[in-house]
There are 2 protein chains.
Amino acid sequence: MNTISTIRQPGSEHDVLTEDTGSSIYERLRDDIIHGRVKANERLKVAELASRMGTSTNPVREALQQLRGEGFVIMTPNRGARVRPIDEEFVRDICEIEVLIEPALTRWFVGIATKADVDELERIQAEIEALNFADEMKHSNLDLQFHRLMYDRHYNRHAVDLWVRHRQILWAISRGFPTSLSRQSNVLEEHCELIACIKAQDPEGAARAIGRHVEGSGRHIIERMRARRF
Amino acid sequence: MNTISTIRQPGSEHDVLTEDTGSSIYERLRDDIIHGRVKANERLKVAELASRMGTSTNPVREALQQLRGEGFVIMTPNRGARVRPIDEEFVRDICEIEVLIEPALTRWFVGIATKADVDELERIQAEIEALNFADEMKHSNLDLQFHRLMYDRHYNRHAVDLWVRHRQILWAISRGFPTSLSRQSNVLEEHCELIACIKAQDPEGAARAIGRHVEGSGRHIIERMRARRF
DNA sequence: TATTGACAAAGAATGTACGATCTGAAAACT
DNA sequence: AGTTTTCAGATCGTACATTCTTTGTCAATA
């Protein structure tokens, strides 16, 4: 039923609390991994992390277990945890999965979208265009609103959760990366095309549009990752 | 609620050593959740679980964190862990995702399959037919071999991991459920159709076949779950 | 002399115990 | 009756013990 948002949402309003409150030692570890601040396959020693985080070992252990469950670290018995590499392949894999899932979610949305929904999508899109990528965080929030409007009511909560998680990862990776001008115009164009298909009650067209959207987004992130290499 | 996890699994095919070491307390908890031996949204108290498992609280805490990462339990700060409900919707959700992913994996396999691969598939299929669902565990292993042959070499490790996890969940749920005769014949037929499409180098046909296979499997599990209700 | 093997010691992960802190609800009070 | 207080129960954090892995040294042999 409504397992609504029992899942934590690190994205929106973080920071500020920061400090060593330990509330986010999981997030700090996750961020370090995603952003590549710890090398791939590097060993994660609990004692070392604990002293760095300013806590004892137990919270670190539990954070590592959670990350293990999410697939970010790989643990072998009596041999500790290692960082799962977050490389271009990882991004490609995630995006390929999303290329399969998001069109399905979108196709369903076309069937249940009301006039109010379309109006709301156009309103958000207008805001996005007005902002014009000036503020990375605001843009991300608007983009999230845009897609959330389509997916949030879907009955397949598991698929939506997967989408949320993948999106968080991709966003964390691409945070700080500048968006190229060509990608900017593509994003706007793809959103508009999507809205047009929804208006026209064209599920297949909408699915294709979102497929291109996801694929383009993934390609852009990978290019940025390659560029950072130097 | 009394003897939740004290039941020994007779056919547990784990390689000797695991036994009651730390990782198995994770498996026991996971099994209890998947099989519905703990009620949905029921609170999981670490001390209680620890005494039942015969260990101290720390291993339990870490197991819970891992389960949290995998989405089986929901944790809120200072308020502990609750069981995420594993119901028909959950199974349906997982299957719908697999209906999207597995055809993609299969489509790719058709492009790289060799004659040796086809021979191996046919050999396994012959074994399955010879066994004819006489031994649930053996059948499951053969079926796993069959699909693993197709997926294991895929470049998208993330998608394959997702498939493995989903398969484990579905298998854990359906373990002990008898397979209806109609489902049995469908399984054999779908496998053969799949092999035929691979031989004929027909990716789309193979994708459709595996799609039906997954969908039929999911429907069968859900029907069995409903039947158990009474 | 160089290589290999055993063995001991350091390092790290896992398990146990206990104290601190928070939550939830019943009991006491105005 | 509604509000506050109190207290048991549970979670979370710290410290320590145990067990396993890894490393480094030294001796024996070719």
Side-chain angles (χ1 to χ4, degrees), chain A residues 5-8 10 14 17-30 32-33 38-84, chain B residues 1-2 4-6 14-30 32-33 38-84:
Chain A
S5 223
T6 40
I7 292 182
R8 197 144 42 90
H14 65 329
L17 48 112
T18 64
E19 290 305 329
D20 55 333
T21 29
S23 70
S24 61
I25 139 174
Y26 152 79
E27 287 177 12
R28 286 172 68 181
L29 272 173
R30 183 169 159 274
D32 286 343
I33 293 174
V38 285
K39 277 176 294 185
N41 286 100
E42 180 171 324
R43 207 169 156 185
L44 294 173
K45 310 178 194 178
V46 276
E48 180 186 330
L49 293 174
S51 72
R52 183 185 303 156
M53 302 282 180
T55 68
S56 71
T57 64
N58 237 350
V60 175
R61 283 198 262 175
E62 292 180 8
L64 284 177
Q65 291 290 348
Q66 189 182 347
L67 291 168
R68 167 195 189 164
E70 294 178 356
F72 287 109
V73 306
I74 297 169
M75 300 187 71
T76 49
N78 289 323
R79 220 171 285 191
R82 303 186 97 86
V83 179
R84 165 167 244 171
Chain B
M1 183 187 291
N2 30 16
I4 284 191
S5 177
T6 51
H14 293 107
D15 308 6
V16 196
L17 41 131
T18 44
E19 212 45 54
D20 60 335
T21 66
S23 95
S24 97
I25 123 177
Y26 152 79
E27 287 177 8
R28 286 169 70 179
L29 271 174
R30 200 184 72 138
D32 287 341
I33 295 174
V38 285
K39 280 177 291 186
N41 286 102
E42 180 171 322
R43 196 164 167 192
L44 294 173
K45 310 177 194 177
V46 276
E48 182 185 330
L49 293 174
S51 72
R52 182 181 301 150
M53 303 282 180
T55 68
S56 69
T57 64
N58 235 350
V60 175
R61 283 199 262 174
E62 293 179 9
L64 284 176
Q65 290 291 347
Q66 189 181 347
L67 290 167
R68 168 196 188 162
E70 293 178 357
F72 287 109
V73 307
I74 296 166
M75 302 188 70
T76 47
N78 289 324
R79 220 173 286 187
R82 290 184 174 280
V83 179
R84 165 167 256 179

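Computed from a predicted structure; not experimentally measured. In what follows, chains carry the letters A, B, and so on, assigned in the order in which the sequence lines appear, proteins first and then strands, with residues in each chain numbered from 1.
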Roughly, in whole Å, what's the span from [atom1] in [X] to [atom2] in [N]?
X     : N      : atom1 : atom2 : value
B/Q65 : D/dT11 : CD    : P     : 12 Å
A/R68 : C/dA13 : CZ    : P     : 14 Å
A/L49 : C/dT14 : CG    : P     : 13 Å
A/N58 : C/dT16 : CG    : C1'   : 11 Å

What is the bend of the helix from C/dT1-D/dA30 to C/dT30-D/dA1 when you compare the axis at one end with the axis at the other, using five pairs each and rounding to 10°?
10°
Is B/R30 close to B/E70 at the side-chain level, that is, under 4.5 Å between some pair of heavy atoms?
yes
Determine whether A/Q65 and A/M75 make a side-chain contact, defined as any pair of heavy atoms from C-beta on separated by less than 4.5 Å.
yes
For A/L67 and A/Y26, work out which heavy atoms get closest and say how close.
CD2-CE1, 3.4 Å
Do you know which two heavy atoms are closest between B/A50 and B/S56, and how far apart they sit?
CB-O, 3.6 Å
Among residues at least two apart in sequence or on other chains, which ones pass salt bridge (Lys or Arg N to Asp or Glu O under 4.0 Å) with A/R84?
B/D161
Euclidean distance, A/L64 CG relative to A/I25 CD1, rounded to 0.5 Å:
8.0 Å
So, taking the atom named CG in A/N58 and the one named CD in B/E62, what distance separates them when rounded to the nearest 0.5 Å?
6.5 Å
Might you list the N or O atoms of the protein lying below 3.5 Å from N or O atoms in nucleotides 7-10 of chain D, with each pair's distance?
from   : atom 1 : to    : atom 2 : distance (Å)
D/dA10 : OP1    : B/K45 : NZ     : 3.2

Within the modelled atom types, does a donor on one side and an acceptor on the other bring the side chain of A/R61 and the base of D/dG13 under 3.5 Å apart?
no
Sugar-phosphate only, base, or nothing, as touched by A/N78 at under 4.0 Å among non-hydrogen atoms:
sugar-phosphate
From the options B/V73, B/L44, B/L29, select the one residue that forms a side-chain contact (heavy atoms from CB on, under 4.5 Å) with B/V83.
B/L44
